[in-house]
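A short worksheet on the structure shown next.
Owing to the predicted nature of the structure, the values given are computational and were not obtained by experimental measurement. Computation of the quantities below employed the complete heavy-atom set of this structure, encompassing side-chain atoms and omitting hydrogens, waters and symmetry-equivalent molecules.
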Amino acid sequence: MTAAFFPALVVVALFGVRVIGARVGWLRAILISWLGLASAGFLLFGIGRAESSPPVSIAVVIVGLVAMVAWTAVFDLIAPSRRSPNRRAELNPATALRRAISRTGRRAALAVLAARFGLGRYARRHAPGPSGAATGAALRETLQRAGGVYVKLGQFLSTRPDLVSADIADELRSLQQSVGPVPFDAVCAVLAEDFADRGDPDELFAELHAEPAAAASIAQVHRGVTPDGQAVAVKVQRPEIAERIRRDLDILVRTTERLETRTRWAADLGLAVTARAFAHSVEGELDFTAEARNLRLLATAVEAHRRVVVPQPVDHLTRRRVLVMEWVDGEPITAAARHLEPADRTDLAGTLLCCTLDQILTAGTFHADPHPGNILLTSDGRVALIDCGAVGALDRRQRHALRTTLAAVASQDPAQLAVAVRRITTPSRSIDQARLERALGGLLVEHLRPGATPGVELVASLMGQMRVFGLAIDPAIAGALRALATLQSTLQTLDPAFDLVREATTHARHATLNPLRQAGADDSPRAQLEALLPEVLPTVATLPRRLDRIVETLERDELSVGVHLFPTDDDRRVAGRVASQLTIAVVPAALGVIGALLVLAANPQLGTGTGRVIQAVGLSCVGVALLVLFSTLVNALRSLRER
């Protein structure tokens, strides 16, 4: 048995947990497999045979699998595990082991870092949501020290007041990531690997400057010249950065999923969905062939604006880690604007905002990261949009919902704004519509009262109210609002008096089929009708389909009326908690009773092999029941401590 034990352990660890359908991590699978085999060994010890006959071996396998199921349930009760949807299948065991060790070490380092700055308390059950300047400072320091993609995460969260409080967002805005350039030899090595099918990489370019023109966390840009004399920008990905980013994103997604299963605040915010959207966006930046497509899409989206240009890729010189595109002579717009007259600055700010709003509200394809470094002003006065790794996309429904939201802000109608907000969000709990309208009304009064200068703070306050009411915003629309918030800093640099909200709502009014009347306009029936049309038309458009469904249901005699015994989320949570506690208490108690009965039934036959098998099975049932009851007690005490 000793010689066969370790091979059996490996076999069970690799296949056993998967066969019984348990979705757990590898470390937990190995532990559960070992415990299952230990239970089988206990059975062999119970029947007192060194060499088992085939019938006993079959019994060992069956009891071992049953024990594995029981141990899986025990571990799931103590610490629920959920398989991450973005986990990739590892075909090479050596690669899988190396990546698992790297991921485990990185996860441990991040856990220690979070605990060091006091963030671990927010992972406890019944923990309140993070808030306050002190928490923001701790989170900023943690993300800064974690580095890499976590700095990007902090910058992302600083523009998402629907996810974090205003105090935390203010702290995260100071996050900066400074990276040194990659040696030119490493750049040449990447070029050689990606263009191995093209022969000598020195023949790809007539000239390639060794000094980078720009360096960022994912890639750096060198100026070059193609053999036909075209000036190009050569964007080369940093070596091995993709694997590190994917590892950190995998940890991030798993952590948010675990937080959602443990804490109410994370579930209300839909944190895992947001993390997956963020991970998808960052992973998209690692594929430069996708960025080449983004450049072409964005060029189409801005073609109506003759003053705005997007450099186009050189397709035959573009690979997954190398992007070659037209070189644009210019300087960052905030630096170039110092030489402009005030009127030209205002005109430039209007051009930028109008172009961005057309991308978002009309084309549905927009530059998702329009910070000042990604906007250049050329010598002939044109605006160039560069670094298009992050490009957002909105479908027709999302564009209409966003236009409706901006139009509701323009009309200062809290009821219409409440309806518009519900269309771009997903509620995590029951919403008091009247209370939501009062909160939004107060927000509009605060930011749009006479003498006030609304800006991106209005958008931030609106997203903050979504967080208060447990409304998880559509990730695509959140990306559009984030792009506007990022653009605001550029607009304020160009013209401190530029009114983003007024210009945006005016643009939305013109983008809508029937224009909204502005606040203060006449109250004629026609003006009131025009104000209501954007709100009424979507509902009217869906009425034929809804009526058709109702008629079909009546014809099939399938019309039913639902009655909710637990109408609110709180009622359902309480009922679910009581039911789960009763189930957890009853099932192990029944298992313990069955085990005790089996032990009693085996007493008269202890001298036989059958009696010893029955006794071993009974003792196993009693042991599993005690473990489950013990874990239930531990969870109950933990819940009392965290309240």
Side-chain angles (χ1 to χ4, degrees), residues 152 155-160 173 175-177 214 216-219 221 233 235 278 281-282 284-285 290-291 294-305 307-311 325 328 330-337 345-378 381-394 399 402 406 455-457 459-460 463 475-496 498-501 503-504 507-508:
K152 278 182 171 289
Q155 294 168 342
F156 167 78
L157 291 176
S158 69
T159 59
R160 291 293 304 271
R173 288 192 187 99
L175 273 172
Q176 299 293 332
Q177 187 168 16
S217 58
I218 292 179
V221 178
K235 184 176 181 180
F278 172 76
S281 174
V282 174
E285 297 183 41
E291 183 171 346
N294 291 341
L295 288 169
R296 288 189 287 270
L297 289 172
L298 200 60
T300 302
V302 303
E303 61 184 359
H305 299 267
R307 194 179 177 184
V308 180
V309 296
V310 178
M325 54 190 161
V328 177
E331 58 180 328
I333 194 166
T334 50
R345 289 188 178 191
T346 302
D347 181 61
L348 186 58
T351 298
L352 272 174
L353 180 61
C354 183
C355 178
T356 302
L357 290 172
D358 273 345
Q359 295 171 46
I360 293 173
L361 300 178
T362 305
T365 301
F366 60 92
H367 196 305
D369 193 19
H371 66 76
N374 287 341
I375 305 174
L376 304 181
L377 187 63
T378 65
R382 294 184 300 165
V383 176
L385 303 179
I386 63 172
D387 195 1
C388 299
V391 170
L394 297 171
R399 296 198 300 273
L402 197 51
L406 293 173
V456 76
E457 294 80 11
V459 178
M463 296 174 76
I477 291 179
L481 295 177
R482 177 176 178 265
L484 288 175
T486 304
L487 184 66
Q488 170 73 0
S489 62
T490 305
L491 301 180
Q492 286 182 335
T493 303
L494 294 173
D495 182 4
F498 194 82
D499 190 341
L500 182 144
V501 170
E503 296 293 335
H507 191 96

If you round to the nearest 0.5 Å, how far is CD1 of Ile218 from CD of Glu285?
4.5 Å
Do you know the tightest heavy-atom contact between Gly284 and Ala290?
O-CB, 4.2 Å
To the closest 0.5 Å, what do you measure between CZ (Arg345) and CG (Asp347)?
13.5 Å
Thr365 versus Thr300: any side-chain heavy-atom pair under 4.5 Å?
no
Which heavy atom of Ala393 sits nearest a heavy atom of Ala476, and at what distance?
O-CB, 3.8 Å
Using a strict 4.0 Å threshold on nitrogen-to-oxygen distance, state whether Asp369 and Lys152 make a salt bridge.
no
When you check the side-chain N and O atoms of His305 and Asp358, is any donor under 3.5 Å from an acceptor?
yes
Taking the side chain as C-beta and beyond, is there a heavy-atom pair between Pro370 and Ile375 under 4.5 Å?
yes
Go through Leu491 and Leu353 one step at a time and tell me if the side-chain contact (heavy atoms from CB on, under 4.5 Å) criterion holds.
CA-CA 8 Å; Leu491 301 180; Leu353 180 61; 4.2 Å; yes
All heavy atoms of Pro372 vs all of Pro332, minimum pair found to be O-CB, 4.1 Å
For His367, run the side-chain contact (heavy atoms from CB on, under 4.5 Å) check against Asn374, Val302, Asn294, Thr486 and tell me which one passes.
Asn374
Which residues pass the side chain to side chain contact (heavy atoms under 4.5 Å, CB included) test with Ala363, sequence neighbours left out?
Ala301
Taking the side chain as everything from C-beta on, heavy atoms only, tell me whether Lys235 gets closer than 4.5 Å to Asp387.
yes
According to side chain to side chain contact (heavy atoms under 4.5 Å, CB included), who are the partners of Thr346, at least two apart in sequence or on a separate chain?
Asp495
Contact check, side chains of Met325 and Leu295, non-hydrogen atoms, under 4.5 Å
yes
Do the non-hydrogen side-chain atoms of Leu376 and Ile333 ever get within less than 4.5 Å of each other?
no
Any donor-acceptor N/O pair, Arg307 side chain to Gly381 backbone, under 3.5 Å
yes
Using 0.5 Å steps for rounding, measure from the CG atom of Leu484 to the CZ atom of Phe366.
8.5 Å
Could you grab the distance from atom CD of Gln155 to atom CZ of Arg482, nearest 0.5 Å is fine?
8.0 Å
Please say which of Leu348, Val309, Val310 ends up in a side-chain contact (heavy atoms from CB on, under 4.5 Å) with Val383.
Leu348
CD1/Ile477 to CZ/Arg399 distance, rounded to the nearest 0.5 angstrom?
11.0 Å
Do Val391 and Leu297 have side chains that get closer than 4.5 Å, going by heavy atoms?
no
Using 0.5 Å steps for rounding, measure from the CD1 atom of Ile386 to the CG atom of Leu298.
12.0 Å
